[in-house]
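Remarks on the structure that follows.
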Amino acid sequence: MPGRMQSLPGFRDFFPSDCARRNYITGTWRRVARSFGFAEYDGPTLEPLDLYRKKNSGGEILGQLFSFTDRGEREVALRPEMTPTVARMLIAKAREYRKPIKWFSIAPFFRYEKQQSGRLREFLQLNCDLVGDASPAADAEMLALLIETMRAFGLTAEDIVVRVSDRGAWMDFLAQQGVKDEAQAREALSVIDKLEREPRETLEKKLSALGLTLSAVEEFIKSARPAFFEKLSGNLEARGLEDFCELDLRIVRGLAYYTGLVFEVFDRRQSRRALAGGGRFDRLLSDLSDGKVDLPAIGFGLGDVVLGDLLEDLPATKARMAAAIAAAQAVDIYVVVADESRRTEALGVVQLLRALGRSVDYPLGADKVGRQFKDADASGARYALVVGAEWPAMKLKDLKARTESDLPQESLADWAGSLQTPAP
RNA sequence: GUGGCCGUAGCUCAAUGGCAGAGCCCCGGAUUGUGAUUCCGGUUGUUGCGGGUUCGAGUCCCGUCGGCCACCCCA
């Protein structure tokens, strides 16, 4: 195959079944976010490169940008994350919205990195942010939104875990240990972030350079119980969601702008990349607006790639997804034209059913009835409506129950109106 | 970006250095008013691409592109 005919590495074609799968995921995201009273927003796919050069993003993301110079000599980049965009939007119009501001977006993002399991160069992400409320209740609400989003796919507390940590507790600990400088604290957190990945000697060496010891760090992780966690647990317990959350101070996250609560969602069974991550960024808006807008905020991102892999791997979530995809691709009714001389009447039936909101398919040409029933079956239709010699009556066949009855023309609209519309 | 494994039909895969195959899918028929399961027939192709070794390469070698995995980091 000629190279130009292939999609670029890390980019996906969405054939109808892939599109149905994608819509299942994004539709579920949207439904749950709206159920929490969040409003959908979006921003440009292409942004000025400077938006990511400022200190708000982590350093690593700069090296992963799809960037180029446009025809107007502007340096631009495809967005690698939503937070800088939503921060700009919030700073521009923070005063127009009652607080707390609860916004979500579902959008494609781009990162130039070598693709592998769970990582592509273009991916979708749900971003949810709650702005203008620094209370633990706001933290709990965001965690509940994240958990409910996962639950909506059929995931349980046995499948996934939200590992919760607190950068504030870490900063207190570091200050207590004599790490006062902010740059040093950030350096220490990046070492702590690698606690499970690097050999002990390397960690010891890096920590001692900062005036810390590995044993003190490990003791803190083991025994510290930040006060906020009890409130969080209580709040989630009231919703029956406490089993999803665990305190795990090993989570610190790479991005520089996080200030307090941070969290990541993991598969409990397999070692997999994080499904979602987020945290509190109470100073970001102030920093970016030079103090003009000073609002606390908490948010998270949930990507479609690792989540999709997990949903495929678990039998229960896979079956649920397959059913949703089949339903999304099916039509409600297939009209069988059993007698070509009744095609005019059949088209009238099709037109009426569609006007009543049903999805309807039918043969464009004079196919044999057997062929039409095969097509009806393949279309996923629950019902076949046979228009033929008995007109103005029709035969109505329930393709699932394999039963058949008569349907007079005058009853058609009532019947169509009585059909159950499956939940989206 | 660095390293390892892999690349055969639309899909899943087979073929000791010796005639490129099977199943699924798709198309047609058995069946001119009844679909899940049957039976028959048909198209699957520059073996990712380019070079090399060889009488002969899907198979061995080199390069390249693509995929998977690890590192890095993260959704």
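None of the values given here were measured: they were computed from a predicted structure. Letters A, B, ... mirror the listed sequences (proteins, then strands); counts begin at 1. Computed over heavy atoms, backbone and side chain alike; hydrogens, waters and symmetry mates excluded.
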Give every donor-acceptor pair under 3.5 Å between a side-chain atom in residues 120-127 of chain A and any protein atom, sequence neighbours left out.
unit_1: A/Arg121; atom_1: NE; unit_2: A/Glu113; atom_2: O; d: 2.9
unit_1: A/Gln125; atom_1: OE1; unit_2: A/Asn127; atom_2: ND2; d: 2.9

Hey, is A/Glu218 close enough to A/Arg200 for a salt bridge, meaning N to O under 4.0 Å?
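Judged by the 4.0 Å cut-off on N to carboxylate O distance, A/Glu218 and A/Arg200 do form a salt bridge.
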For the pair A/Asp139 and A/Arg280, find out whether any cationic side-chain nitrogen is under 4.0 Å from an anionic carboxylate oxygen.
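Yes, A/Asp139 and A/Arg280 are salt-bridged.
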Taking only residues two or more places apart in sequence, or in another chain, which ones meet A/Phe173 in a ring pair (Phe, Tyr, Trp, His ring centres under 6.0 Å)?
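Counting only residues at least two positions away or on another chain, A/Phe173 forms a ring pair (Phe, Tyr, Trp, His ring centres under 6.0 Å) with A/Trp170, A/Phe220.
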Using atom [atom1] in both nucleotides, what's the gap between [N] and [M] to the nearest angstrom?
| N | M | atom1 | answer |
| --- | --- | --- | --- |
| B/U46 | B/G3 | P | 32 Å |
| B/G48 | B/A9 | C1' | 14 Å |
| B/U53 | B/C62 | C1' | 11 Å |
| B/U59 | B/A14 | C1' | 13 Å |
| B/C49 | B/G10 | P | 12 Å |
| B/C71 | B/U12 | P | 26 Å |
| B/G58 | B/U16 | P | 12 Å |
| B/G33 | B/C39 | P | 25 Å |

Could you state the [atom1]-[atom2] distance from [X] to [N], rounded to the nearest angstrom?
| X | N | atom1 | atom2 | answer |
| --- | --- | --- | --- | --- |
| A/Asp13 | B/G66 | CG | P | 15 Å |
| A/Gln372 | B/U32 | CD | P | 13 Å |
| A/Asp267 | B/A75 | CG | C1' | 15 Å |
| A/Tyr52 | B/C73 | OH | P | 22 Å |
| A/Phe104 | B/A75 | CZ | C1' | 18 Å |
| A/Lys194 | B/C71 | NZ | P | 13 Å |
| A/Arg22 | B/A75 | CZ | P | 22 Å |
| A/Glu113 | B/U2 | CD | C1' | 15 Å |

Which nucleotide wins on minimum distance to the side chain of A/Arg111, given the candidates B/G67, B/C72, B/A75?
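The nucleotide sitting nearest to the side chain is B/A75.
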Which nucleotide in B/C71, B/C73, B/A30 has an atom nearest any side-chain atom of A/Lys368
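Ranking B/C71, B/C73, B/A30 by closest atom to the A/Lys368 side chain puts B/A30 first.
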Involving RNA chain B, stems made of at least three consecutive Watson-Crick or G-U pairs, both distances under 3.5 Å:
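Listed by first number, the stems are B:1-7 with B:65-71, B:10-13 with B:21-24, B:26-30 with B:38-42, B:48-52 with B:60-64.
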May I ask you to say what [X] touches in the nucleic acid, namely base, sugar-phosphate or nothing, with a heavy-atom cut-off under 4.0 Å?
| X | result |
| --- | --- |
| A/Asp309 | nothing |
| A/Leu126 | nothing |
| A/Ala274 | sugar-phosphate |
| A/Gly308 | nothing |

Flag if over 12 foreign heavy atoms under 6.0 Å of CZ, A/Arg268
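Yes - once you tally the heavy atoms of other residues, nucleotides and ligands closer than 6.0 Å, there are more than 12.
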Scan the side chains in residues 384-397 of chain A for donor-acceptor partners under 3.5 Å anywhere in the protein, sequence neighbours excluded, and list what turns up.
unit_1: A/Lys395; atom_1: NZ; unit_2: A/Asp406; atom_2: OD1; d: 3.1

Every protein N/O lying under 3.5 Å from an N/O of nucleotides 33-40 of chain B:
unit_1: B/G33; atom_1: O6; unit_2: A/Ala389; atom_2: N; d: 2.6
unit_1: B/G33; atom_1: O6; unit_2: A/Glu390; atom_2: OE1; d: 3.3
unit_1: B/G33; atom_1: N1; unit_2: A/Glu390; atom_2: OE1; d: 2.9
unit_1: B/G33; atom_1: N1; unit_2: A/Glu390; atom_2: OE2; d: 2.9
unit_1: B/G33; atom_1: N2; unit_2: A/Glu390; atom_2: OE2; d: 3.2
unit_1: B/U34; atom_1: O2; unit_2: A/Lys397; atom_2: NZ; d: 2.8
unit_1: B/U34; atom_1: N3; unit_2: A/Glu404; atom_2: OE2; d: 2.5
unit_1: B/U34; atom_1: O4; unit_2: A/Glu404; atom_2: OE1; d: 3.4
unit_1: B/U34; atom_1: O4; unit_2: A/Glu404; atom_2: OE2; d: 3.0
unit_1: B/G35; atom_1: O2'; unit_2: A/Asp377; atom_2: OD2; d: 3.4
unit_1: B/G35; atom_1: N7; unit_2: A/Lys397; atom_2: NZ; d: 3.3
unit_1: B/G35; atom_1: O6; unit_2: A/Arg402; atom_2: NH1; d: 3.4
unit_1: B/G35; atom_1: N1; unit_2: A/Leu399; atom_2: O; d: 2.3
unit_1: B/G35; atom_1: N2; unit_2: A/Asp377; atom_2: OD1; d: 3.0
unit_1: B/G35; atom_1: N2; unit_2: A/Leu399; atom_2: O; d: 2.7
unit_1: B/A36; atom_1: N7; unit_2: A/Arg402; atom_2: NH1; d: 2.6

Starting from the 5' end of RNA chain B, give me the residue, A/Leu8 or A/Arg253, whose nearest nucleotide shows up first.
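The residue closer to the strand's 5' end, by nearest nucleotide, is A/Leu8.
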side-chain contact (heavy atoms from CB on, under 4.5 Å) with [X]: which residues, sequence neighbours excluded?
| X | result |
| --- | --- |
| A/Arg343 | A/Val337, A/Glu340, A/Leu347, A/Tyr362, A/Pro363 |
| A/Ala77 | A/Leu49, A/Tyr52, A/Leu65, A/Ser67 |
| A/Lys93 | A/Glu96, A/Tyr97 |

Is the distance from OP1 or OP2 of B/G28 to the nearest side-chain N or O of A/Arg371 less than 4.0 Å?
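Result: yes.
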Is the shortest side-chain N/O distance from A/Gln64 to OP1 or OP2 of B/C73 below 4.0 Å?
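For B/C73, neither OP1 nor OP2 has a side-chain N or O of A/Gln64 closer than 4.0 Å.
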Verify whether the ring centers belonging to A/Tyr24 and A/Trp29 lie closer than 6.0 Å.
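That pair fails the under 6.0 Å test.
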Is A/Phe109 stacked against the base of B/A75, taking the criterion as centroid distance under 5.5 angstrom and interplanar angle under 30°?
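Stacking between A/Phe109 and B/A75: absent.
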Closer than 3.5 angstrom, by distance alone: can the side chain of A/Arg382 be matched with the main-chain N or O of A/Ala330 as a donor-acceptor pair?
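Side chain of A/Arg382 to backbone of A/Ala330: no pair is present.
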Do A/Glu264 and B/A75 have a side chain to base donor-acceptor pair shorter than 3.5 Å?
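For A/Glu264, whose side chain was compared with the base of B/A75, there is no donor-acceptor pair (under 3.5 Å).
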Listing time: all N or O pairs from protein to nucleotides 23-26 of chain B that are below 3.5 Å?
none

Does one side chain, of A/Glu40 or A/Ser105, offer a donor that lies under 3.5 Å from an acceptor on the other?
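Side-chain D/A pair, A/Glu40 to A/Ser105: absent.
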Examine the side chains of A/Asp414 and A/Ser411 and answer whether a donor and an acceptor come within less than 3.5 Å of each other.
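No pair is found: no donor N or O on one side chain lies under 3.5 Å from an acceptor on the other.
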Atom pairs, N/O to N/O, protein against nucleotides 4-12 of chain B, distance under 3.5 Å?
none

Does A/Arg79 make a cation-pi contact with A/Phe109 (under 6.0 Å, within 45 degrees of the axis)?
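Judged by the rule, A/Arg79 and A/Phe109 form a cation-pi pair.
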Got a sec, which residues hit salt bridge (Lys or Arg N to Asp or Glu O under 4.0 Å) with A/Asp367, two or more places apart in sequence or on another chain?
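Result, salt bridge (Lys or Arg N to Asp or Glu O under 4.0 Å) vs A/Asp367: none returned.
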Can you list the residues that meet the salt bridge (Lys or Arg N to Asp or Glu O under 4.0 Å) rule with A/Asp309, with sequence neighbours excluded?
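Expected list: none.
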